[in-house]
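Chain identifiers are assigned alphabetically (A, B, ...) following the order of the sequence lines, protein sequences preceding nucleic acid strands; residue numbering begins at 1 within each chain. Please read all numbers here as calculations on a predicted model, not as lab measurements.
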Amino acid sequence: AVCYNSVINGFCEQGQMQAAMQIFQVMKDKGCQPTSSTFNTLIKGYGLSGQPLEAKQLLNEMAKQDNKKAKPNVRTYNMLLNALSRNGNLDDALNLIALMRADGVNPNVVTYNTMANAFAKKGLTSKAESVIREMQSSKLRPSEHTCGIVINGLCEEGDTERALALVQRMNLQGIPPNLVILNTLLKGYGRALQFHRVEQVLEKAKSVLQQMLEAGISADVTIYGILVKGYVRAQDPQKAESVVQDMRGQGLAPNVIIYTTIISGWCNAGRMDDALRIYTEMAEHHVAPNSRTFQTLIWGFSEAKLPNKAEEVLQLMEVQRISAK
RNA sequence: ACCCCAUAAU
């Protein structure tokens, strides 16, 4: 079952729900009982591909059958909550809380975080805050994720002052900001055009990464992507490239997103020769560009008043059979 | 480490 679950999960993350459901069928045909994780993964998949109704349907299916290993658990509800609120149905999402309680499943920190995030993303800050208060009154302690959600909400509103204040408060309570939180701040300052602060926060982010590595916690590609983006935001593509060197030193290979981020950095600087240099570098490392990579290049060339070059890229896309949307 | 929440590319 574990093997089937990972295969299913793979398809779900690619948005290939029909394939995922096929495997699900095969596993049942072969007499292999699905577990809660199987259903959970599928629910997540439907959420990601914008099919909340199918996700709900799966919960019903779980409730109907009486395999003890495939009962809905907290994660099931959390994922469904996420799927529903992501796809616009907040009311359904809220009803789910009552449903889960009736089913004898208690909301946990993730449940509240998911709800608070749903509200915050809709700009309903006060609702998000009341969710957090509710969480505290159920004797659950807000986690780093909770803080991240609130900080993100504040930054989106342009209130970088309160966001920073919250980070400092966490610090006083012995919770130093992690890279995600620092990047959230970076983003906030970037959009508020406070570049002097961007620099400061970047320095901090680098030292956090350093500490992580020293503590034997390995960084992943995403973490480096965050740093790369930080430098691009600080209009320093040179430094962004040096981050790539660092990650190679850790035995990690940059992905499309990272290359595209750096390309966008050079495009912003009007340095199209450097943008192209990165483009060829990624080919040398066998990382395939995607439509966003090309969009970035095209944007860069038009911005640099080189429309004929932009058109060349467009043709290149056709050769590579990437649809130009 | 089979599955859940904040932050990465136009």
Side-chain angles (χ1 to χ4, degrees), chain A residues 1-10 12-13 20 27 34-45 47-48 58 70 72-83 85-86 107-118 120-121 128 131 135 142-156 163 177-188 190 201 205 220-233 240 243 254-265 267-268 278 282 289-300 302-303 324-325:
Chain A
V2 174
C3 292
Y4 281 110
N5 289 347
S6 358
V7 175
I8 292 176
N9 191 34
C12 288
E13 284 177 350
M27 102 184 254
T35 61
S36 301
S37 302
T38 318
F39 284 101
N40 292 350
T41 302
L42 287 166
I43 290 176
K44 176 181 68 169
L48 289 176
L58 280 172
N73 57 24
V74 218
R75 291 189 177 205
T76 315
Y77 286 103
N78 289 344
M79 257 173 297
L80 192 52
L81 188 62
N82 200 16
S85 51
R86 258 199 152 72
N108 63 12
V109 180
V110 176
T111 317
Y112 287 106
N113 286 347
T114 307
M115 279 201 320
N117 190 38
K121 282 271 153 65
V131 168
M135 153 163 70
S143 64
E144 274 188 77
H145 271 82
T146 318
C147 297
I149 290 165
V150 175
I151 291 168
N152 190 43
L154 290 170
C155 286
E156 302 248 299
N178 62 28
L179 284 177
V180 172
I181 288 180
L182 289 174
N183 192 54
T184 308
L185 269 182
L186 276 174
K187 192 172 155 187
V201 178
D220 63 5
V221 183
T222 308
I223 302 248
Y224 283 102
I226 289 170
L227 261 186
V228 168
K229 177 63 184 171
Y231 282 114
V232 165
R233 207 167 257 142
V243 174
N255 60 16
V256 218
I257 297 185
I258 293 195
Y259 280 116
T260 306
T261 309
I262 296 177
I263 289 176
S264 78
C267 288
N268 284 332
I278 302 297
M282 72 189 280
N290 62 20
S291 60
R292 276 170 95 161
T293 314
F294 288 115
Q295 274 169 34
T296 306
L297 279 170
I298 292 173
W299 176 85
S302 8
E303 204 65 9
K325 284 180 196 157

Just call it for [X]: base, sugar-phosphate, or nothing, with non-hydrogen atoms closer than 4.0 Å on any strand.
X: A/Thr261; value: sugar-phosphate
X: A/Asn73; value: nothing
X: A/Asn108; value: nothing
X: A/Asn183; value: sugar-phosphate
X: A/Asn255; value: base

Next item on the list: For A/Asn178, enumerate each residue passing the side-chain contact (heavy atoms from CB on, under 4.5 Å) test, keeping only those at least two apart in sequence or located in another chain.
Entry: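 For A/Asn178, the residues satisfying side-chain contact (heavy atoms from CB on, under 4.5 Å) (neighbours in sequence not counted) are A/Glu144, A/Val180, A/Ile181.
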Is there a side-chain contact between [X] and the phosphate of [N], meaning an N or O under 4.0 Å from OP1 or OP2?
X: A/Lys121; N: B/U7; value: yes
X: A/Lys44; N: B/C3; value: no
X: A/Asn152; N: B/U7; value: yes

Next item on the list: Take the protein atom CD1 of A/Ile226 and the nucleotide atom P of B/A9, then report the distance between them rounded to whole Å.
Entry: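 Nearest whole value for this atom pair: 10 Å.
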Margin query: Taking side chain to side chain donor-acceptor pair (under 3.5 Å) as the definition, give me every residue that meets it alongside A/Thr261, ordered by chain and number, with sequence neighbours left out.
Written below: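 A/Thr261 satisfies side chain to side chain donor-acceptor pair (under 3.5 Å) with no residue once adjacent residues are dropped.
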Check: Is there a side chain to side chain contact (heavy atoms under 4.5 Å, CB included) between A/Asn78 and A/Asn108 once you walk through the steps?
Finding: CA-CA 9 Å; A/Asn78 289 344; A/Asn108 63 12; 3.3 Å; yes
Next item on the list: Go through B/A6, B/U10, B/C5 for me and flag the one nearest to the A/Val110 side chain.
Entry: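 Looking only at side-chain atoms, A/Val110 lies closest to B/C5.
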Checklist line | Ion pair check, A/Glu156 and A/Lys121, cut-off under 4.0 Å | finding: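 So A/Glu156 does not pair with A/Lys121 through a salt bridge.
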Next item on the list: Indicate, yes or no, whether a donor-acceptor pair under 3.5 Å links the base of B/C2 to the side chain of A/Ser6.
Entry: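 It does not, because no donor-acceptor pair links the side chain of A/Ser6 to the base of B/C2 below 3.5 Å.
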